[in-house]
Protein chains: 2
Amino acid sequence: METVSSSALAKAAGVKSSQLRKDLGYFGQFGTRGLGYSVEELLTAIRELLGRSQFQPVVLVGAGNLGSALLRYSGFEKEGFEVVAAFDAFPDSVVKLGISTPVLAIEEMLAFIRTKEVRLAILCVPAENAQEVTNDLVGAGVTGILNFSPSVLQVPDAVTVNNVDLAVELENLSYFVREE
Amino acid sequence: METVSSSALAKAAGVKSSQLRKDLGYFGQFGTRGLGYSVEELLTAIRELLGRSQFQPVVLVGAGNLGSALLRYSGFEKEGFEVVAAFDAFPDSVVKLGISTPVLAIEEMLAFIRTKEVRLAILCVPAENAQEVTNDLVGAGVTGILNFSPSVLQVPDAVTVNNVDLAVELENLSYFVREE
DNA sequence: TGGTGTGAAGTGGTTCACAGCA
DNA sequence: TGCTGTGAACCACTTCACACCA
């Protein structure tokens, strides 16, 4: 299988083929008319686009319930990300079973991030500490935050925040489920 | 604090006040001109709207890496959801440490969901089994699925799927981080 | 002929701006 | 006077439709 059509890709992704072609169009011309997209070329182009040519180190902050749960989840690795360290206010009380990532004291965070030049952070601290920790992360040089805490973070324009609120996701579903 | 203005709420939620007013407007008139919204009334109205007047039972399917991680996370409970059971193809090999939810064999799922009239499911099975399990869930009466598996699920119109793909979230960030 | 690339049309959601009411 | 409720204007994204090329 050398090439793939926009409609095949679109079907797999759950979108319309025109959508897919237009989206790719914003970044360049990757396909051949009448043929489709070269799987190989498209793959490297997208990898390049996403800045995923090489591994991205990630830190996780807040190894409480959700945080340590995510540390046990190895799904990030296979997508090219590596959680290089976790930080917690009370690293000694974190249950390390099944966790291979080092869990360090929050005081070591700034130096670690600066030294390793980490740009991505996964934030799992309680809402009341979220902004404070965010400020520290940004100060250390983090420019992308995956925020699992239920709070609206204030960050400079140069920093991107993606929010994942599991309770909100369930509430959302709950709305559609409520009517018989 | 009896009342709250749309702009205060909007600030807290990270949206514009006009947005918030319009959104509420789709469901009715909850505020008083010149005063704002009664905190008490708005709260009950929203609870009603979300179908959260009473507890919602939820099942979790696939207690592998991510699934068992979520079982240890107790964040759902406090938002009015209760994970009443988890199902896995190999329930005996699931590490139960820190998990109070019963982990049952997948064969028991259909009967359980029908008996308990569960409407919401959290799906954490591998992508290759996702569609098959989804069919079973829908057949059993589930109408809302929180899908953590990286796959596009085919479901009837009456069923709502919310997708949460942690790798995609990180990739998304990765794009914005890549440029200095 | 088949499938991309892309202007143009369509659609839905956001923001404005202000009338109207406590 | 202050703040909601809401039509109208605006904007961004989606879909269509077809020219163009391997």
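All values below come from the heavy atoms of this structure, side chains included, with hydrogens, waters and symmetry mates left out. Note on naming: letters A, B, ... go to the chains in the order of the sequence lines (proteins, then strands), and numbering restarts at 1 for each one.
- A straight line from CG of B:L24 to C1' of D:dC3 spans 13 Å, rounded to a whole angstrom.
- Scanning residues 25-38 of chain A for heavy-atom distances under 4.0 Å to DNA chain C yields A:Q29, A:F30, A:G31, A:T32, A:R33, A:G34, A:L35, A:G36, A:Y37.
- With a 4.5 Å cut-off on side-chain heavy atoms, A:Y37 and A:T3 do not count as touching.
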From CA spacing to verdict: side-chain contact (heavy atoms from CB on, under 4.5 Å), B:S68, B:R72: CA-CA 6 Å; B:S68 63; B:R72 280 185 204 90; 3.8 Å; yes

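- Atom NZ of A:K11 and atom P of C:dG3 are 14 Å apart (whole Å).
- A:E41 places its CD atom 14 Å from the P atom of C:dT4, with the value rounded to the nearest Å.
- B:S38 has its side chain out of reach of B:F30: every pair of non-hydrogen atoms, C-beta onward, lies at least 4.5 Å apart.
- Rounded to whole Å, atom C1' of C:dC16 lies 16 Å from atom CG of B:L20.
- Distance alone, capped at 3.5 Å, places no donor-acceptor pair between the A:R119 side chain and the A:G144 backbone.
- Listed in residue order, the members of residues 153-165 of chain A having a heavy atom less than 4.0 Å from DNA chain D come to none.
- Residues A:S6 and B:V15 both approach DNA chain C. Their nearest nucleotides, taken by heavy-atom distance, put A:S6 toward the 5′ side.
- Within 6.0 Å of the CD atom in B:E40, the count of heavy atoms belonging to other residues, nucleotides or ligands does not exceed 12.
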Stepwise side-chain contact (heavy atoms from CB on, under 4.5 Å) check, B:V177 with A:T160: CA-CA 8 Å; B:V177 164; A:T160 309; 5.8 Å; no

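- Between A:N163 and A:D165 there is no side-chain heavy-atom pair separated by less than 4.5 Å.
- Atoms CD (B:Q19) and P (D:dT4) sit 15 Å apart, rounded to a whole Å.
- Straight-line distance from the CG atom of B:L9 to the P atom of D:dG5: 12 Å, rounded to whole Å.
- Hydrophobic cluster membership of A:V155, counting Ile, Leu, Val, Met, Phe, Trp and Tyr whose side-chain heavy atoms lie under 4.5 Å apart directly or via other members: A:V59, A:V61, A:V84, A:F87, A:L104, A:I106, A:M109, A:F112, A:I113, A:V118, A:L123, A:V125, A:V133, A:L137, A:V138, A:V142, A:I145, A:L153, A:V159, A:V161.
- Spacing between atom NZ of A:K22 and atom C1' of C:dG10 amounts to 12 Å, rounded to whole angstrom units.
- The 5' end of DNA chain D is approached more closely, in terms of each residue's nearest nucleotide, by B:S5 than by the other of A:R21 and B:S5.
- Side-chain atoms of A:Q56 and B:S174, non-hydrogen and from C-beta on, do get closer than 4.5 Å to each other.
- Rounded to an integer number of Å, the gap from A:D23 CG to C:dG5 P is 12 Å.
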